[in-house]
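All figures in this text were calculated on a predicted structure; none of them were measured in a lab. Just follow the structure's listing: the first ligand is 1, and inside any ligand the first atom is 1.
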Amino acid sequence: MCGIMGYTGKGNAVPVIIDGLAKLEYRGYDSAGIAMYEDGKIQVCKRKGRLADMVKVLGADCSCQLGIGHTRWATHGVPSDLNAHPHCDCSGRIALVHNGIIENYASLRKELILEGHDFISDTDTEVLVHLIEKFYTVSLEAAVRKALTLVRGSFAMVAICSEEPDTIVTAKKDSPLIIGLGEGENYVASDIPAILGKTKQVYIMDENEFAVLTPQGVTVTDFEGNPVHKEVFAVNWDPVSAEKGGYEHFMLKEIHEQPKAIRDTLAGKFEDGLIDLSSLEMDDTFRQAGKIFMVACGTAYHAGLVGRLAIEKLARVPVETDIASEFRYRDVLWNPQDLMIVVSQSGETADTLAALREAKRQGVKVLAVTNVVGSSVAREADKVIYTHAGPEIAVASTKAYLTQLLVMYAIAMYLARIRGISSLEELRQLGSQLQGTHSQVQQILDWEQDSGQIRQMAEKYREVQSTFFLGRGLDYAVAMEGALKLKEISYVHAESYAAGELKHGPLALIHDGVPVLALITQDQLVEKTMSNIKEVKARGAIVVAICKQSLQEDCQECDDQILLPDVNPVLSPIVSVVPLQLFAYYMAIFRGADVDKPRNLAKSVTVE
Ligand code: AGP
């Protein structure tokens with residue numbers, strides 16, 4: 001997630017901006033930069049790497065009263081000096097920083113180049129500053145308003161201009177932005193930590209709000225210029241809790257970021273209501289692949305399991321799923337026509353990288369699904385689809401997993417489309433349902449916020465030593481992810497099992513009081529799953545059903561129910577995993593574990 005900091009006032013903007021960006025470093029970034037108004041000109045200093053690297057180049061004696069700064073989490077264009085923000089227009093009069101995704105940047109870029117604009121970066125952001133230049137006459141505010149009417153996507157953008165040496169113009173759509181109110185000085189930032197210690201009076205910018213800051217004051221309007229009344233939010237967070245956006249742990253913050261991560265990841269992947277991955281230029285491989293090898297580790301592997309079921313169901317392409325550390329030692333029957341898909345949040349997992357390299361050695365094309373632009377997996381794969389979950393700080397993966405699922409569905413739907421397996425109407429309908437999942441995930445989070453049901457369940461089971469997670473089909477794939485979440489952060493033994501397999505041995509482990517969490521979202525498998533639930537209940541298990549509302553009647557025999565919004569069974573993993581994430585989180589809390597940094601684990605396993 002990019003970090004933004006801007007200042008206009010009587011003080012020296014440089015230390016204020018650097019300090020503000022430093023307080024946003026926890027968000028993760030790969031480059032940093034600053035634009036300053038000095039002696040009638042905009043001066044820019046930006047570097048790939050750490051903020052400190054940029055500050056070293058900047059030098060200690062810089063001073064200005066107007067400036068904007070940025071720490072970049074790359075989404076379009078690898079981390080580099082040129083791709084770092086701020087970006088300037090051709091004349092160098094306007095500088096801009098941005099957090100978000102400009103979906104229609106490619107078409108805008110083409111038009112602007114035809115109109116004579118020179119681009120020096122590979123970013124989507126640079127389009128915006130040239131668009132503002134195109135409309136600039138005497139007012140930065142007016143030029144930004146016009147430019148934003150042509151932009152599709154998400155943005156928190158901040159711009160300054162050498163012709164207006166005390167003015168900051170900023171606008172928000174879908175990406176966070178706040179304004180700090182000072183005495184004779186004002187601040188803009190992407191998050192509250194950046195302004196802690198400078199002011200406690202803040203405007204939290206809402207959707208489609210626009211602001212103009214000068215040292216004398218802040219004017220907030222909508223994009224059309226209609227005044228908007230803003231309540232001042234008094235900040236009383238300490239710096240540590242501020243980094244977590246007021247949440248107690250990064251994991252809980254990231255669970256709650258999932259609706260936005262869904263929107264960001266799906267942004268730009270639809271054309272006329274259909275998934276369009278043609279920009280990968282992989283259609284021949286997609287059409288010819290006789291088999292897909294889906295390879296990953298841990299949670300990413302569980303996303304791949306969902307991907308396999310979705311691809312086989314929707315596109316009728318055989319998929320083999322493998323844990324990367326096992327795949328490497330198989331005597332694989334390679335065929336150069338085939339395709340490997342590797343899934344990796346960090347893009348640095350050693351076992352996954354090794355599997356990728358083996359496929360390349362065998363002449364098999366590799367498509368990577370990763371959350372980190374410019375990661376090893378992204379660089380070494382033939383093609384890459386990025387999840388846009390933003391930096392995931394907690395060791396236990398949540399939002400990255402959910403966005404990996406979205407990409408799995410996108411691949412399945414695109415394969416089905418170009419192989420002519422599903423009708424365009426069917427795919428449009430499924431696409432619309434996929435785009436709607438962010439509101440269903442939000443609904444679950446809101447339900448829990450109101451009821452506390454999952455938290456209470458965790459409190460009830462906090463002392464258990466062993467749990468089971470059961471499911472069939474897609475529910476089994478999600479049961480594996482739910483069990484991993486619980487294991488890795490609460491240290492409670494958790495076994496995921498195909499519901500129909502329990503009687504072939506593991507049933508012996510069921511005794512009085514063992515909690516069994518049963519996922520029930522596959523309408524056509526409910527009866528079978530319920531008969532397995534009767535088996536475990538007969539042996540004393542306590543069964544919690546995580547079931548769709550429409551299946552509530554079928555699950556009456558369960559001891560407890562966590563209800564899910566009704567969703568197409570194919571897409572149910574996107575919603576059914578959320579209660580399991582929350583259950584694991586609260587179990588870890590009640591057991592006093594270190595939620596964000598569980599023992600023995602690392603966020604990225606770069607060793608074999
Ligand atoms: C997930 O909660 C774990 N932290 C772990 O299983 C992780 O998914 C696995 O190490 C793979 O990491 P990657 O996605 O970065 O490749």
- Item | Counterpart residues, salt bridge (charged side-chain N to carboxylate O under 4.0 Å, His left out), relative to Arg357 (two or more places apart) | Glu380

- Message: Please determine whether the number of non-hydrogen atoms from other residues, nucleotides or ligands lying under 6.0 Å from atom NZ of Lys365 exceeds 12.
- Response: no

- Query: Between Phe327 and Phe293, does the ring centre distance come in under 6.0 Å?
  - Reply: yes

- Ser466 side chain to Glu495 side chain, donor-acceptor N/O pair below 3.5 angstrom: no

- For atom 11 (C) of ligand 1, which candidate among Gly298, Ser397, Cys297 provides the closest heavy atom? Cys297

- Item | Identity and distance of the protein heavy atom lying nearest atom 14 (O) of ligand 1 | Gln345 N, 2.7 Å

- Task: Compute the shortest N/O to N/O distance between Thr299 and ligand 1 and return yes if it is under 3.5 Å, no if not.
- Result: yes

- Residue and atom name of the nearest protein heavy atom (relative to atom 4 (N) of ligand 1), distance in Å to one decimal: Val395 O, 2.8 Å

- Parallel, tilted or perpendicular, as decided by the 30° and 60° cut-offs, for the rings of Phe286 and Tyr414: perpendicular

- Task: Among all protein heavy atoms, pick the one closest to atom 3 (C) of ligand 1 and tell me residue, atom and distance.
- Result: Glu488 OE1, 3.4 Å

- Message: Would the distance check show the side chain of Asn99 and the main-chain N or O of Ser190 forming a donor-acceptor pair, the cut-off being under 3.5 Å?
- Response: no

- Task: Examine the proximity of ligand 1 to Glu348 and report which part, side chain or backbone, both or neither, has a heavy atom under 4.0 Å away.
- Result: neither

- Query: Is the shortest distance from a Lys or Arg side-chain nitrogen in Lys291 or Glu320 to a carboxylate oxygen in the other one below 4.0 Å?
  - Reply: yes

- Side-chain donor-acceptor contact under 3.5 Å, Thr299 with Ser397: no

- Which ligand 1 atoms are under 4.0 Å away from a heavy-atom of Ala300? 8 (O), 14 (O)

- Task: Would you mind checking which non-hydrogen protein atom is closest to atom 16 (O) of ligand 1, with the distance to 0.1 Å?
- Result: Thr349 OG1, 2.5 Å

- Which option, Ser346, Ala303, Ala324, owns the non-hydrogen atom nearest atom 15 (O) of ligand 1? Ser346

- Backbone or side chain, does any N or O of Gln404 fall under 3.5 Å from an N or O of ligand 1? no

- Query: What residue and atom, counting heavy atoms only, is the protein's closest point to atom 10 (O) of ligand 1, and at what distance?
  - Reply: Val605 CG2, 4.0 Å

- Message: Using a 4.0 Å cutoff against the non-hydrogen atoms of Ala396, which atoms of ligand 1 qualify?
- Response: 2 (O)

